[in-house]
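I have placed the structure first, in the form of structure tokens, so that the comments after it can refer back to it.
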Amino acid sequence: PKTPFFNDTPTTAISTLSIHDALPISGIEDEYALGIDYVTLDWILWGIDHQMDSAQIVEQYHVQEGQVAHVRELVRRSEHLRKLPPAPEL
């Protein structure tokens, strides 16, 4: 996942910064809400971003097929959040 201030930084890296009190991030609550830990989520998202199919992600990163399906569904349902709204031309 990407954050507004750290667009290309994996969540696990930002979570690590939070552990050292550099950033106030509520990772535990997010992991609980998502039902998946950040490390697993980052591996699955990396695979999705690199057009790997679900079987490849499961085999390469040793995650469960259900986790991959869950993350793919979250990505699909949140697609509209990653697109800019139309803007008038100036």
Kindly write out the residues that satisfy ring-ring contact (aromatic ring centres under 6.0 Å, His included) with His62, not counting sequence neighbours, or none if the list is empty. none

Between Trp46 and Tyr61, how do the two ring planes meet: parallel, tilted or perpendicular, split at 30° and 60°? perpendicular

Interatomic distance, CG@Asp42 vs CG@Asp37, rounded to 0.5 Å, equals 9.0 Å

Just how far is it from atom NE2 of His50 to atom CD of Gln60, taken to the nearest 0.5 Å? 10.5 Å

Which is it for His70 and Glu73 under the side chain to side chain contact (heavy atoms under 4.5 Å, CB included) test, yes or no, and what are the steps along the way? CA-CA 5 Å; His70 176 64; Glu73 179 63 14; 5.7 Å; no

Main-chain N/O of Arg72 paired with Arg77 side-chain donor or acceptor, under 3.5 Å: no

Would you say the side-chain atoms of Thr40 pair up with the backbone N or O of Ile36, donor to acceptor, closer than 3.5 Å? no

Of all heavy-atom pairs between Val63 and Val58, which one has the smallest distance, and what is that distance? O-CG1, 3.3 Å

Which residue is it: Val75, Ile57, Leu74? I am looking for the one with a side-chain contact (heavy atoms from CB on, under 4.5 Å) to Leu45. Val75

Surrounding CG of Leu81 (heavy atoms of other residues, nucleotides or ligands, distance under 6.0 Å), is the total greater than 12? yes

For Gln64, does the CD atom sit with more than 12 other heavy atoms under 6.0 Å from it, leaving out its own atoms? no

With sequence neighbours excluded, give me every salt bridge (Lys or Arg N to Asp or Glu O under 4.0 Å) pair touching residues 50-67. none

Interatomic distance, His80 atom NE2 to Ser78 atom OG [nearest 0.5 angstrom]: 7.5 Å

Pair Arg82-Glu79, salt bridge (Lys or Arg N to Asp or Glu O under 4.0 Å): steps then yes or no: CA-CA 6 Å; Arg82 291 183 297 282; Glu79 182 70 30; 3.0 Å; yes

